[in-house]
Amino acid sequence: MVKNNPSNKFNKTFNILLVLLCVILVIIGKLDLVAYRNVSSFLTDFFAPISSFINKPAKELEIVIEDVKSATQLRKENLLLKHEIKRLRNVEMKSEIQESELIELKKVLNSIPRDNNFLITGRVLNLSGGTFAKTMLIDAGKKDGIKKGQPVISSDGLVGSIISVGPNSSRVLLLIDINSMVPIFLTQTGWPAIVQGQNGYLLKVKFLSSEAEPTNNEIIETSGHGGRFPPGINVGRIVKISSSSYFVKLSADPQRLRFVSVISGSDFKSSKESPLGMAPLQNNKKWLNLKGFNKIN
Amino acid sequence: MLLKLNLNILFWLQANIFNICIIFLFCFIQMSLNFLTIFKISQPYLIVIIIFLLLRNSKKTISEILLIFFGVIFDILTGTILGMHSLLFFLIKLFLDFFELKFKISKKLGEWILFSLVYFSSLLVTKLVFIVATFKFPDMFAIIFNLGSTLLIFPLVRFLIDLPKLFFNLVGK
């Protein structure tokens with residue numbers, strides 16, 4: 001009796017149509033249409049103040065939790081800090097010496113300084129997590145000079161890159177998002193690789209040479225390959241080494257960030273210059289000194 | 001005819017205003033959970049719990065179109081691929097009807113088991129669509145954490161919602 005019910009049949013067709021509608025929405029989302037992008041940035045801009053207002057209690061709660069945590073560990077923390085100050089004084093002395101050496105070496109190599117970038121700092125309005133996307137909304141947009149693709153950093157290191165820009169707000173694709181990929185190099189062993197987000201809290205190291213043997217806690221930095229990110233920005237540390245796959249823990253924890261800076265001013269690739277820290281491009285060797293042949297190359 | 005249509009929309013809005021406001025508010029509350037470091041790995045889907053409870057307890061039935069609309073809004077606000085949360089919210093309703101009518105689970109085993117089944121099925125289908133759309137496998141640990149924390153938080157939310165009712169019952173006696 002239930003099978004032949006016409007309203008049941010209608011319901012089934014209606015549900016199938018709605019599932020199709022959702023699939024069409026996914027396809028539209030993947031197509032990244034200009035109209036959708038504009039509507040999205042307008043709505044994000046419009047709801048940003050509400051979102052910021054509703055986020056305030058959670059932010060305050062987090063500060064209280066942090067305060068309680070640190071209050072219980074004050075003595076231990078004090079000892080650790082004293083130890084850290086001693087260590088940092090040594091590091092500071094060493095780095096001053098190394099800095100002066102580096103300036104001299106740069107002069108010798110005739111290296112071109114690349115300080116034509118400037119920072120635009122914005123407050124974090126909201127963090128959107130879940131298992132589908134990891135993004136962050138900041139209160140600086142087109143009016144402040146932000147453009148799509150620009151890298152975002154904090155005092156701890158790289159945070160992500162701008163994926164959409166509204167007039168007053170911008171959305172940052174965090175490094176932990178599954179769509180995020182950054183070229184890096186291992187600072188101790190020097191091997192280049194790519195880190196990819198997994199929508200979790202660790203990044204996966206990909207395309208690493210089979211000869212490379214990263215050490216635990218090894219610092220990784222951006223390599224500057226591809227020109228999307230400037231070289232030498234701290235990304236994180238290798239924390240988990242299984243048999244064949246390596247993971248990276250971020251230096252800049254997105255949940256603790258209140259302010260971030262967008263690197264603006266120029267792109268990080270140039271046909272003439274090579275990024276700092278990377279070997280200069282080699283000119284093609286002219287093996288044959290025959291007229292016409294070298295022109296083809 | 002236009003006037004009739006406008007009136008219909010107005011009546012519909014009047015009837016659904018409570019549900020709309022609640023879902024809308026919880027969209028933002030869901031986003032604010034990301035600031036809490038206890039949910040560093042992943043966050044529980046508070047919005048899914050609220051939709052589930054509204055679908056079961058609200059006097060006015062929440063339409064599928066409304067759920068899809070809120071999914072789109074949530075996707076835009078969070079920067080997720082468009083349609084992901086629409087599909088998730090719609091599947092919550094679809095699986096809720098399916099499990100409740102066909103198997104009458106809530107009567108036999110209780111609301112928590114029903115929610116577990118509905119949420120697990122909906123998340124599984126949505127994740128499969130996500131993998132097909134992105135061609136990438138997300139972190140399994142984060143998904144399991146999300147699933148576990150959502151299922152654990154469900155009785156707590158249920159209790160908090162029932163708390164005023166329990167309090168007034170006690171005071172009334």
Side-chain angles (χ1 to χ4, degrees), chain A residues 11 14-15 18-19 21-31 36 39-41 43-44 47 50-51 53-59 61-62 65-66 124 126-137 163-164 171-173 176-179 196-202 204 253-256, chain B residues 24-25 27-43 45 47 64-65 67-68 71-91 93-94 97 101 123 125-127 129-130 132-134 136-143 145-147:
Chain A
N11 267 346
F14 184 62
N15 285 340
L18 288 176
V19 171
L21 175 73
C22 292
V23 173
I24 290 167
L25 282 174
V26 174
I27 294 165
I28 291 171
K30 284 301 285 179
L31 285 175
Y36 166 65
V39 171
S40 168
S41 57
L43 282 175
T44 311
F47 287 120
I50 305 171
S51 177
F53 177 74
I54 294 175
N55 284 337
K56 265 181 190 168
K59 282 182 184 173
L61 184 68
E62 184 52 35
I65 292 169
E66 282 297 310
V124 176
N126 78 40
L127 267 173
S128 43
T131 54
F132 294 108
K134 302 277 182 187
T135 60
M136 174 193 277
L137 194 72
I163 46 162
S164 70
R171 190 167 289 284
V172 181
L173 184 76
I176 46 174
D177 188 276
I178 201 160
N179 294 308
Q196 187 189 20
Q198 293 184 293
N199 277 359
Y201 73 105
L202 293 175
K204 195 173 186 180
D253 183 0
Q255 284 181 310
R256 288 165 185 264
Chain B
F24 199 63
L25 177 71
C27 279
F28 290 104
I29 292 175
Q30 174 70 51
M31 285 195 287
S32 72
L33 288 182
N34 294 289
F35 283 102
L36 302 175
T37 40
I38 45 166
F39 301 128
K40 185 176 184 167
I41 301 160
S42 189
Q43 298 76 38
Y45 262 122
I47 181 95
E64 289 89 345
I65 301 288
L67 289 175
I68 289 174
V72 169
I73 294 286
F74 194 64
D75 282 331
I76 288 172
L77 289 178
T78 55
T80 317
I81 300 170
L82 192 72
M84 278 299 154
H85 284 101
S86 303
L87 189 65
L88 180 70
F89 295 168
F90 171 63
L91 286 176
K93 182 167 183 175
L94 205 70
D97 292 344
L101 284 175
L123 195 70
V125 176
T126 322
K127 277 288 158 194
V129 174
F130 180 77
V132 170
T134 55
K136 284 164 195 160
F137 277 95
D139 186 15
M140 279 306 288
F141 185 55
I143 297 170
F145 186 88
N146 167 271
L147 190 71

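Distance check: S42(B) OG to N199(A) CG gives 8.5 Å after rounding to the nearest 0.5 Å. Interatomic distance, N179(A) CG to T134(B) OG1, rounded to the nearest 0.5 Å: 6.5 Å. One finds the CG atom of L33(B) at 11.5 Å from the CG atom of L127(A) (value rounded to the nearest 0.5 Å). From K136(B), atom NZ reaches atom NZ of K204(A) across 13.0 Å, with rounding to the nearest 0.5 Å.
Highest contact tally toward chain A, considering only M84(B), K93(B), Q30(B), is held by M84(B) [criterion: heavy-atom pairs under 4.5 Å]. For the options T44(A), V19(A), I65(A), heavy-atom pairs under 4.5 Å to chain B are most numerous at V19(A). The greatest number of non-hydrogen atom pairs below 4.5 Å with chain B, out of P57(A), S41(A), A58(A), is found for A58(A). In terms of non-hydrogen atom pairs under 4.5 Å with chain A, the most contact-rich of S32(B), C27(B), A142(B) is S32(B).
Of the two parts of D177(A), neither the backbone nor the side chain holds a non-hydrogen atom closer than 4.5 Å to a non-hydrogen atom of chain B. With a 4.5 angstrom heavy-atom cutoff, F74(B) does not touch chain A via any of its atoms. Looking at I29(B), the atoms closer than 4.5 Å to chain A (heavy atoms on both sides) sit in the backbone and in the side chain alike. Proximity to chain B (any heavy atom under 4.5 Å) is shown, for I176(A), by neither the backbone nor the side chain. For a residue to count as touching a neighbouring chain, one of its non-hydrogen atoms must lie under 4.5 Å from one of that chain's; by this rule F137(B) touches chain A with the backbone only.
Looking only at distances, a side-chain donor or acceptor of Q255(A) sits under 3.5 Å from a matching main-chain atom of N34(B). When atom types are taken as modelled, the side chain of E64(B) and the backbone of L18(A) share no donor-acceptor pair closer than 3.5 angstrom. Side-chain atoms of K59(A) do not come within 3.5 Å of backbone N or O of F35(B) as any donor-acceptor pair. Checking side-chain atoms of T135(A) against main-chain N and O of T78(B) turns up a donor-acceptor pair under 3.5 Å. R171(A) contributes a side-chain N or O that, together with a main-chain N or O of L77(B), makes up a donor-acceptor pair within less than 3.5 Å.
Looking at S51(A) and M31(B), their side chains come closer than 4.5 Å, going by heavy atoms from C-beta outward. A 4.5 Å side-chain heavy-atom check between L25(A) and D75(B) finds every atom pair outside the cut-off. At a threshold of 4.5 Å between non-hydrogen side-chain atoms, the residues T37(B) and E62(A) count as touching. Residues F28(B) and F53(A) form no side-chain contact, since every pair of their non-hydrogen atoms from C-beta on lies 4.5 Å or further apart. By the 4.5 Å heavy-atom criterion applied to side chains, L61(A) and L36(B) are counted as neighbours. Counting only heavy atoms from C-beta outward, the side chains of D253(A) and K40(B) approach each other to under 4.5 Å.
Cation-pi geometry between K127(B) and F132(A) is met: the NZ or CZ atom falls under 6.0 Å from the ring centre, inside 45° of the normal.
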### Message
Before you tell me yes or no, could you show the steps for V26(A) and L87(B) under side chain to side chain contact (heavy atoms under 4.5 Å, CB included), namely the whole-Å CA-CA distance, both residues' side-chain angles and the distance that decides it to 0.1 Å?
### Response
CA-CA 9 Å; V26(A) 174; L87(B) 189 65; 5.6 Å; no
### Task
Could you please spell out the steps behind the side chain to side chain contact (heavy atoms under 4.5 Å, CB included) verdict for I178(A) and F130(B)?
CA-CA 11 Å; I178(A) 201 160; F130(B) 180 77; 3.9 Å; yes
### Task
Report the C-alpha separation of L82(B) and K30(A) in whole Å, then their side-chain angles, then the decisive distance to 0.1 Å, and conclude whether the side chain to side chain contact (heavy atoms under 4.5 Å, CB included) test is met.
CA-CA 8 Å; L82(B) 192 72; K30(A) 284 301 285 179; over 6 Å; no
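Remark: F141(B) pairs with Y201(A), I41(B), D139(B) by the side chain to side chain contact (heavy atoms under 4.5 Å, CB included) rule, at least two apart or across chains.
Scanning all heavy atoms of the two residues, the minimum distance from A133(A) to G79(B) falls at CB-O, 4.0 Å.
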